[in-house]
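In this chain, residues are counted from 1 in sequence order.
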Amino acid sequence: MPHLNLESFQPLSFPARCGEVEFLFQADYKNPDEGALIATRYKGREFFIVYKNGTKKLLKSDKVTRPSPNFILKHALLAYAECSGSPILDSNVDNAPENTHLKTHDALKSISYFAENFPRDREVRIEVGFGSARHLLHQASANPDVLFIGLEIHKPSIEQALKQIVIQNLTNIMILDYDARLFLEFVPSNIVGKIYVHFPVPWDKKPHRRVISEAFLKESERALRVGGTLELRTDSENYYRFALETFSSPAISRFDVRKNQEIAIVSKYEDRWKKQEKNIYDVTFTCEVESSEPDMSGNFTFSEGTIGRDAIDRLSKETYKRDWGFIHVERIFTVGEADSMIRLAMGSFDRPESTYVLIKEGSARYYPALPVRSSANLKAHILLDELLHG
């Protein structure tokens, strides 16, 4: 992760601007000696960079709001150190110019893009965890009339895929840095032709972290058109047997199993496993039912009325659990002399989301972006609003 090790941390007078980078405000940890978050805006993106005061004085990314591609974060870190006069002892941040391939395409999308206006003009296929992107790029090149959405959370893999999209002049791929288990909830019903899950992490010791689950299968079946398929390809016998059990769970279920099937394009890992003579398993679920659209009514607006410090303190004293999920305060920050900010974990138990709520002059809003519009998050917001105004 990009970071700077500072000789000393020098605060700015906010708001401040350094070239194209804006620094909007600072949110201090409850113990100010521990560090702070600095609200940053660059290239239309708003996010936090973090100062951590410990054995080392580190300036780094905030995991919750971390921007992509990495160039944005690196540029913001260097800009803060320069503008504040904070001397750098060492870092893993280079000052290379922005990759020209990343400047000339619009394939990288945010989750809000899909939540607000999911593309419906053609068949959609989704690849979960595309890794080297060999399969994703091959399929997009071979099927120019199909829209491919590639999901990946590994930043270098994303940047390499974006580079290849430009080099190969592919206009039918969209890339998203997001958890696939949550993404499917935003996909309209009955529009997906194929969902590829090729060689996911087996998570043998933590099976609850697997992509494939009964909940994922249910969302996949809703999103798939009749005849559409969910395709798991794995070298893990444990994952293969787990998938068989999971794909058998619906009352009506059709799936096929194949072993060591040859496909047109393979990943570098599959090449390696074949040389090791490992078995490759394919388990393909086929959708046979048409689904209704999910109910996603509601919004993330807070009620009017002043929120007092006592309400924030009460909220932080316990985790509020319901059958749909939970709300838990992870951190409280101070902003200036009178305002506050809280970092929340909220939503479903198996797919929680961390988000920030800025409370300024007694009024609350999510910052720097709204939570993802999932059913559990909408319910969590209603509860949060009641607790803050109760």
Side-chain angles (χ1 to χ4, degrees), residues 1-98 155-156 159 177 309 312-313 315-316 328-345 353-361 364-369:
M1 181 181 294
H3 67 270
L4 308 178
N5 180 18
L6 306 176
E7 180 181 320
S8 62
F9 175 77
Q10 303 299 325
L12 289 170
S13 296
F14 297 98
R17 187 181 186 97
C18 185
E20 298 179 88
V21 185
E22 297 174 78
F23 300 104
L24 307 176
F25 64 87
Q26 180 170 309
D28 295 302
Y29 286 94
K30 197 170 185 180
N31 176 4
D33 292 335
E34 188 178 349
L37 304 184
I38 298 117
T40 305
R41 182 189 294 133
Y42 178 50
K43 288 192 174 295
R45 302 288 299 276
E46 292 191 16
F47 53 95
F48 288 113
I49 57 176
V50 181
Y51 165 61
K52 290 292 289 184
N53 186 20
T55 54
K56 291 186 176 182
K57 301 180 186 300
L58 293 178
L59 197 64
K60 60 181 185 176
S61 170
D62 167 52
K63 292 181 180 179
V64 175
T65 62
R66 181 180 176 181
S68 185
N70 264 343
F71 169 82
I72 293 175
L73 174 61
K74 291 177 180 180
H75 195 77
L77 293 174
L78 292 172
Y80 186 90
E82 178 184 350
C83 289
S84 66
S86 301
I88 301 173
L89 292 177
D90 60 76
S91 80
N92 64 353
V93 176
D94 58 55
N95 59 359
E98 184 174 7
K155 299 294 193 293
E159 297 194 10
D177 173 5
R309 182 70 199 191
I312 301 172
D313 290 339
L315 183 65
S316 66
H328 172 70
V329 173
E330 297 178 321
R331 286 272 191 175
I332 297 178
F333 302 86
T334 58
V335 180
E337 295 183 359
D339 298 326
S340 303
M341 188 171 73
I342 54 180
R343 188 177 74 197
L344 290 169
E353 179 176 0
S354 290
T355 187
Y356 292 97
V357 177
L358 180 62
I359 301 170
K360 190 171 183 178
E361 298 179 353
R365 66 184 177 99
Y366 292 100
Y367 184 88

Under the side chain to side chain contact (heavy atoms under 4.5 Å, CB included) rule, collect the residues that match up with Ser84, sequence neighbours excluded.
->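 In terms of side chain to side chain contact (heavy atoms under 4.5 Å, CB included), with neighbours along the sequence ignored, Ser84 is linked to Gln10, Leu12, Tyr80, Ser86.
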
Only counting residues at least two apart or in another chain, list the ones meeting side chain to side chain contact (heavy atoms under 4.5 Å, CB included) with Asn5.
->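 Applying side chain to side chain contact (heavy atoms under 4.5 Å, CB included) to Asn5 gives Lys56, Leu58, Leu89, Asp90.
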
Is the gap between the ring centers of Phe14 and Phe23 under 6.0 Å?
->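 Here the rings of Phe23 and Phe14 have centres that are no less than 6.0 Å from each other.
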
For the residue pair [X] and [Y], confirm or rule out a side-chain donor-acceptor distance under 3.5 Å.
| X | Y | result |
| --- | --- | --- |
| Glu46 | Tyr367 | yes |
| Tyr356 | Asp62 | yes |
| Lys74 | Asn70 | no |

Which atom of [X] lies closest to which atom of [Y], heavy atoms considered:
| X | Y | value |
| --- | --- | --- |
| Pro368 | Phe48 | CD-CE1, 4.2 Å |
| Ala79 | Val21 | CB-CG2, 3.9 Å |
| Lys155 | Pro67 | CE-O, 4.3 Å |
| Ile332 | Ser316 | CD1-CB, 3.7 Å |
| Asn92 | Pro2 | OD1-CA, 3.3 Å |

Spacing of [atom1] belonging to [X] relative to [atom2] belonging to [Y], to within rounding of 0.5 Å:
| X | Y | atom1 | atom2 | value |
| --- | --- | --- | --- | --- |
| Gln26 | Ser13 | CD | OG | 10.5 Å |
| Cys18 | Glu82 | SG | CD | 4.5 Å |
| Ile49 | Leu73 | CD1 | CG | 8.0 Å |
| Ser340 | Arg309 | OG | CZ | 4.0 Å |
| Met341 | Lys360 | CE | NZ | 12.5 Å |
| Leu77 | Tyr51 | CG | OH | 14.0 Å |

Determine, stepwise, if the pair Val64 / Thr355 fulfils side chain to side chain contact (heavy atoms under 4.5 Å, CB included).
-> CA-CA 7 Å; Val64 175; Thr355 187; 5.6 Å; no

Of Lys43, Arg45, Arg41, which meets salt bridge (charged side-chain N to carboxylate O under 4.0 Å, His left out) against Glu22?
-> Arg41

Under the side chain to side chain contact (heavy atoms under 4.5 Å, CB included) criterion, do Asp339 and Thr334 qualify, and how do the steps go?
-> CA-CA 6 Å; Asp339 298 326; Thr334 58; over 6 Å; no

Candidate pair Glu34 and Lys52, rule side chain to side chain contact (heavy atoms under 4.5 Å, CB included), full reasoning | CA-CA 6 Å; Glu34 188 178 349; Lys52 290 292 289 184; 3.5 Å; yes

What I'd like to find out is whether the side chain of [X] reaches to under 4.5 Å of the side chain of [Y], using heavy atoms alone.
| X | Y | value |
| --- | --- | --- |
| Leu24 | Ile38 | no |
| Ile72 | Phe47 | yes |
| Ile342 | Phe333 | no |

Show your working on side chain to side chain contact (heavy atoms under 4.5 Å, CB included) between Ile88 and Leu78 and close with a plain yes or no.
-> CA-CA 9 Å; Ile88 301 173; Leu78 292 172; 4.2 Å; yes

